[in-house]
Amino acid sequence: MKLISESKINTLSDLIVQSEKIIIITHYNPDGDAMGSSLALYHYLIKKGKSPILVTPNDYPEFLHWLPGNEKVVVYKRQNGTVLNAIKEADLIFTLDFNDLDRTEGMEKFLGESKAKKVLIDHHPDPGNFADLIISETFYSSTAELVFHIIESMNDLDLMTPEIAECIYTGIMTDTGSFNYNSSRPYTYYVVSKLIEKGINKDKIYGNIYDNYSVERMRLFGYCLNQKMEVFPEFHTAFISLSQKELRDFKFVPGDTEGFVNYPLSIKGIRFSAFFIEKDKQVKISFRSKGNFATNKFSQKHFNGGGHINASGGSSSLTLDETIIKFKELLSNYKKDLEKND
Ligand code: 5GP
Ligand code: MN
């Protein structure tokens, strides 16, 4: 299996050797793959004798705080002076699990101005052209799986500690919904077999991520399915929405609604699902689909977003109610596309 060219690996290797001040940066609202892939690279670079800094734009859910190296993460929203200085002084910046600098929500200007060499490592379609080296391939289940392949291609699997393996497994598991979607390629299972050889406890990782909810989160989930899910069988579509008041009532903390968007797809005949959550100044939206309905195109066209075919997101500056009306009106334009299902 050779998807990363030898010349890219050689360039990457040279960049790592030549650089002293290295930053790893991932996307806003980091998820399991963002943190898993970034921390895996972080630990790997330490093994290579470097002292990288790992930056996230904002905080991430508590169910990711057990990841090895969590205490070293620098959060831009809380330590922006430290981060901006580091960006100014950096000679190498890795951007992981995103394809557009906008996804750093606030750092894009400084990253754009930085003289550092940039290496993009990602598995989303359409990588931006801001990087000097682009290692971007939608073939991989997750950015974490791609990081594994990079380490393997560098002939460095012997540097892979159980901690690195745990981070990579977390990224693969969360980005595939525990091997539910985007996980039909043999390479993914080759990687998992290697991670198990490295000593990961996959059941413990599953428990750390998915058996870690508060009572309020479970009740919020029940409330969503029972009271807030709207189903449109004629469009093979269902969605869930939550207002700020509802979030307060259920003592919402970031991460509580992670995965909610997937559940409507468990209904027979439903192929397109959306989840709307009211934020301070905008509505954040998640889209999921089964089969060939391209949610990323839908999101890009109507909700300033993007992502993968079957999993994408966007936002709206309308009110929550207006956003939902707009979404419902759009469905009839897509009736034909939603009917096809290969
Ligand atoms: P989620 O629904 O889990 O927040 O995001 C699913 C996927 O959609 C992410 O992996 C990311 O690729 C993409 N995504 C989410 N929100 C946005 C957005 O606002 N803009 C773009 N371009 N992609 C997004
Ligand atoms: Mn990812």
Side-chain angles (χ1 to χ4, degrees), residues 25-41 56-58 60-61 63-64 94-106 108 120-128 130 135-149 167-178 180-183 188 191 209 239-242 254-265 272-277 279 281-289 293-317 323:
I25 192 156
T26 191
H27 61 78
Y28 191 74
N29 286 340
D31 57 10
D33 188 33
M35 294 317 299
S37 59
S38 301
L39 279 164
L41 180 64
T56 62
N58 62 339
Y60 45 93
F63 62 76
L64 295 171
F94 286 94
T95 63
L96 262 73
D97 199 38
F98 65 93
N99 55 6
D100 192 318
L101 286 183
D102 284 0
R103 299 271 291 138
T104 61
E105 303 243 349
E108 51 270 40
L120 177 157
I121 299 178
D122 186 29
H123 70 135
H124 294 95
D126 311 320
F130 59 85
I135 303 181
S136 168
E137 187 51 72
T138 56
F139 168 88
Y140 299 92
S141 68
S142 50
T143 302
E145 187 181 309
L146 175 53
V147 168
F148 179 95
H149 197 195
C167 294
I168 291 176
Y169 187 79
T170 300
I172 298 175
M173 184 187 77
T174 53
D175 248 28
T176 59
S178 301
N180 175 15
Y181 43 81
N182 204 12
S183 50
T188 304
V191 173
I209 298 282
F239 72 81
I240 295 169
S241 66
L242 283 173
D256 275 356
T257 56
E258 193 89 21
F260 283 13
V261 64
N262 295 306
Y263 284 89
L265 294 178
F272 182 32
S273 161
F275 176 71
F276 301 87
I277 184 165
K279 302 275 178 188
K281 288 186 191 111
Q282 59 164 5
V283 178
K284 185 79 190 105
I285 316 165
S286 290
F287 296 109
R288 298 291 185 273
S289 72
F293 184 71
T295 66
N296 51 354
K297 288 201 182 129
F298 180 87
S299 179
Q300 197 174 22
K301 191 153 180 206
H302 306 291
F303 295 101
N304 319 306
H308 310 273
I309 290 175
N310 296 123
S312 65
S315 58
S316 157
S317 46
T323 304

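Atoms within a ligand are numbered from 1 in the order they appear, just like the ligands themselves.
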Counting each atom of ligand 1 from 1 as listed, which ones have a heavy atom of [X] under 4.0 Å away?
X    : value
H124 : 10 (O), 11 (C), 12 (O)
A311 : 7 (C), 8 (O)
S286 : 1 (P), 2 (O), 4 (O)

Of the protein's non-hydrogen atoms, which lies at the shortest distance from [atom], and what is that distance?
atom                    : value
atom 15 (C) of ligand 1 : G313 CA, 3.3 Å
atom 20 (N) of ligand 1 : G305 CA, 3.7 Å
atom 6 (C) of ligand 1  : R288 NH1, 3.7 Å
atom 11 (C) of ligand 1 : R103 NH2, 3.5 Å
atom 16 (N) of ligand 1 : K284 NZ, 2.9 Å

Residues that [X] engages under side-chain hydrogen bond (donor to acceptor under 3.5 Å, both in side chains), provided they are two or more places apart:
X    : answer
S183 : none
T174 : none
N29  : N58

Task: Geometric class of the H123/H308 ring pair [parallel <30°, tilted 30-60°, perpendicular >60°] - done: tilted

Task: Geometric class of the F287/F303 ring pair [parallel <30°, tilted 30-60°, perpendicular >60°] - done: tilted

Open item on the list: Apply side chain to side chain contact (heavy atoms under 4.5 Å, CB included) to residues D100 and D126 and explain how you reach the verdict.
Closed with: CA-CA 9 Å; D100 192 318; D126 311 320; over 6 Å; no

- [ ] Could you verify whether a donor N or O on one side chain and an acceptor N or O on the other, from N296 and H124, lie under 3.5 Å apart?
- [x] no

Task: Heteroatom proximity flag, G306 to ligand 1, N/O under 3.5 Å - done: yes

TODO: Answer yes or no: does an N/O atom from I285 fall short of 3.5 Å to an N/O atom of ligand 1?
DONE: no

Open item on the list: Within a 6.0 Å radius of atom CZ on F130, are there more than 12 heavy atoms belonging to other residues, nucleotides or ligands?
Closed with: yes

TODO: Taking the side chain as every heavy atom from C-beta outward, state whether S273 and V261 have any pair of such atoms under 4.5 Å apart.
DONE: yes

Task: Min side-chain heavy-atom separation T95-D122 under 4.5 Å - done: no

Open item on the list: Closer than 2.8 Å to the Mn ion (ligand 2), what protein N/O/S atoms do you find?
Closed with: D33 OD2, D97 OD1, H123 NE2, D175 OD2

Open item on the list: Against F275, only a single residue in I240, N262, I285 fulfils side-chain contact (heavy atoms from CB on, under 4.5 Å); can you say which?
Closed with: I240

